[in-house]
Amino acid sequence: MEESLLRRPFSVYKADGEVLQILYKGVGKGTRTMTYLRPGDQLSLIGPLGRGFPALSEGRYPILVAGGYGMAALYLLARSMTSPGIAFFGGQSAPDILCVDEFEALGWEVRITTEDGSSGEKGIVTDSIDAWWSARSSGGPPVEAYACGPNAMLKAVARRAVEHDWRAWVSVDRNMGCGVGACLTCVLKVRDGGDGWQWKRSCTEGPVFECREICWDLEP
Amino acid sequence: MPDLSVHIGRLKMKTPVMVASGTFGYGPEYADLVDLNKLGAIVVKGIARHPTRGNETPRTVEVASGLINAIGLPNPGFDGFVEQYMPFLRQYDVPVIVNIWGKTIEEYAEVARRFDEVDGVHALEINVSCPNIKEGSGLFGTDLDMFRRVVEAVRKVTDLTLIPKLAPNVSDIRAYARAAEESGADAISLINSVPAMAVDVETRKPKLANVTGGLTGPGIHSLAVKLVWEAAGAVRIPVIGIGGIVTAEDALEFLIVGASAVAVGTASFTQPTTALDVTDGIAAYLERHGYGAVHELVGTMSSE
């Protein structure tokens with residue numbers, strides 16, 4: 001096992017009664033070490049932290065966009081909505097596409113894209129969004145999008161949100177140190193109200209931002 | 001219950017365990033998770049005369065037994081800090097130590113002079129050794145003459161308890177400890193982070209936007225103990241031991257080699273209550289070993 005120093009940030013996948021679920025993939029030494037955990041092992045958790053997705057605005061049509069394991073962060077949001085919309089899930093290949101049954105059970109239509117075509121349509125998630133948008137009849141309710149996934153995907157969603165006049169909330173994924181706003185590791189550049197930018201901490205002031213707040217052209 | 005109180009200059013602390021600059025924000029960040037009144041002192045993140053934004057990201061990287069950071073001292077400036085954070089900090093019964101920095105000696109003196117008049121500030125820690133500022137601060141910590149001049153300049157403009165924070169990357173830490181004492185410092189704190197870097201071998205790019213940074217965390221603890229031992233042996237002013245404290249045992253090592261107090265740093269990120277847990281552990285140790293007060297333990301390393 002590899003030794004880790006810091007805590008790791010996760011979104012809550014499900015929370016029911018005494019049980020809290022997270023969905024993670026072993027990508028670094030922290031998450032790889034977690035795969036060695038056995039039932040009965042004890043963990044320490046601080047949470048919930050930060051600012052999550054806001055509720056759907058009155059009269060808007062919800063779409064969810066998930067890349068990587070982003071669907072995990074969107075499940076409780078999906079469950080909270082009384083009239084489901086469409087969920088777009090994208091990944092490299094079939095094993096990356098998770099939780100489809102769970103979202104469908106809530107009444108969501110799930111559209112899948114994989115880069116190798118092993119599940120759903122071949123392509124990237126925004127291809128599927130674009131196809132849906134161009135096939136959609138005009139005059140429907142305004143769209144409110146919720147996205148969680150890699151930065152390039154969030155940026156692509158933000159571009160469409162501006163083009164099509166959607167409201168769009170994105171959950172950014174930054175390395176974090178403390179999770180409470182002290183270490184200033186997880187900062188990103190957001191508009192400062194004028195022409196400039198200011199740092200905001202994704203742990204406390206995010207990780208969810210309205211996509212127009214973020215200075216996408218200044219992202220590393 | 002043994003007496004845990006510590007006096008450093010005119011600073012009176014209820015316990016010998018403070019939280020180190022840069023690892024505890026300005027206080028509010030941890031107020032929901034930690035009873036701030038139980039801390040020995042809060043050393044706030046570095047403040048300069050004017051606001052600065054700090055470095056680009058990535059700013060930190062976790063490595064074996066530590067964390068390398070190159071945050072670059074983003075700060076709200078003197079006015080911003082006093083306005084945004086002092087009203088909050090004044091509500092608590094915990095000494096506030098402000099870590100100050102500047103790019104010139106004049107800037108150090110200017111910010112110190114202003115803090116001298118701020119109600120609720122109990123001491124100044126002089127940051128002469130942040131490794132992540134391109135000009136100024138780094139050099140003040142590793143050039144003995146520059147170091148002396150900064151401490152003297154700040155001493156002239158404030159009656160606050162003055163604590164220069166020493167850099168570990170010098171050839172003889174005792175010379176810096178003595179220079180601080182001779183220049184009118186009330187205490188010294190050490191160590192600051194250790195210059196370090198990490199590279200992503202797949203991309204062959206540095207893991208920090210600033211390329212280099214400062215290593216903190218458990219990996220620097222033993223190095224810090226040795227330097228605190230040397231520094232404490234060289235001066236009569238109190239020494240504050242900092243570096244990789246995770247457990248009470250780590251803090252006790254500092255006290256035994258001559259530190260009068262300690263500060264918990266990076267461990268607060270992992271376990272916010274570390275400083276309080278360490279305090280409890282020190283109290284239990286003192287009781288177990290029959291000490292009536294923590295100061296009785298300071299500098300008692302046995303050479304037999």
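Just so you know, these numbers come straight off a predicted model, no measurement behind them.
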Exercise for the section: Specify whether A:Tyr146 and A:Phe53 have parallel, tilted or perpendicular ring planes, treating 30° as the upper limit for parallel and 60° as the lower limit for perpendicular. Expected result: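 Judged by the thresholds at 30° and 60°, the geometry between A:Tyr146 and A:Phe53 is perpendicular.
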Problem - Test item: A:Tyr13 and A:Cys99 side chains (from C-beta on) under 4.5 Å apart, heavy atoms - result: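 Yes - at least one pair of side-chain heavy atoms lies under 4.5 Å apart.
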Problem - Over 12 non-hydrogen atoms of neighbours within 6.0 angstrom of CD in A:Glu121 - result: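 No - once you tally the heavy atoms of other residues, nucleotides and ligands closer than 6.0 Å, there are 12 at most.
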Practice task
Please determine, among B:Glu62, B:Lys45, B:Arg59, the option with the most heavy-atom pairs under 4.5 Å with chain A.
Solution key: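 Most heavy-atom pairs within the cutoff with chain A belong to B:Glu62.
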Handout entry: Among B:Val61, B:Thr266, B:Thr57, residue most engaged with chain A (heavy-atom pairs, under 4.5 Å)
Key =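 With the most close heavy-atom pairs to chain A, the winner is B:Thr57.
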Practice task
Can you tell which part of A:Ser44 gets under 4.5 Å to a heavy atom of chain B, answering side chain, backbone, both or neither?
Solution key: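 For A:Ser44, the side chain is the part near chain B, not the backbone.
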Practice task
Check whether A:Ile46 gets within reach of chain B through its side chain, its backbone, both or neither, counting any heavy atom under 4.5 Å.
Solution key: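 The side chain, not the backbone.
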Problem - B:Phe78 ring center within less than 6.0 Å of B:Phe115 ring center - result: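 Distance test on ring centres: under 6.0 Å, yes.
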Problem - Short side-chain donor-acceptor distance under 3.5 Å, B:Glu253 and B:His221 - result: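 Judged by distance alone, the side chains do pair up.
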Problem - Stacked cation flag B:Arg53 on A:Trp197, 6.0 angstrom / 45 deg - result: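 Yes, a cation-pi geometry.
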Handout entry: Sidechain N-carboxylate O distance under 4.0 Å for A:Glu205, A:Arg201
Key =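 A salt bridge is present here (some side-chain N lies under 4.0 Å from a carboxylate O).
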Which portion of [X] sits near chain A, non-hydrogen atoms under 4.5 angstrom:
X: B:Tyr30; result: side chain
X: B:Pro272; result: side chain
X: B:Ala209; result: neither
X: B:Val246; result: neither

Handout entry: Choice from A:Gly179, A:Cys183, A:Cys186, A:Ala182 maximising heavy atom contacts with chain B below 4.5 Å
Key =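 When all of A:Gly179, A:Cys183, A:Cys186, A:Ala182 are compared, A:Ala182 has the most.
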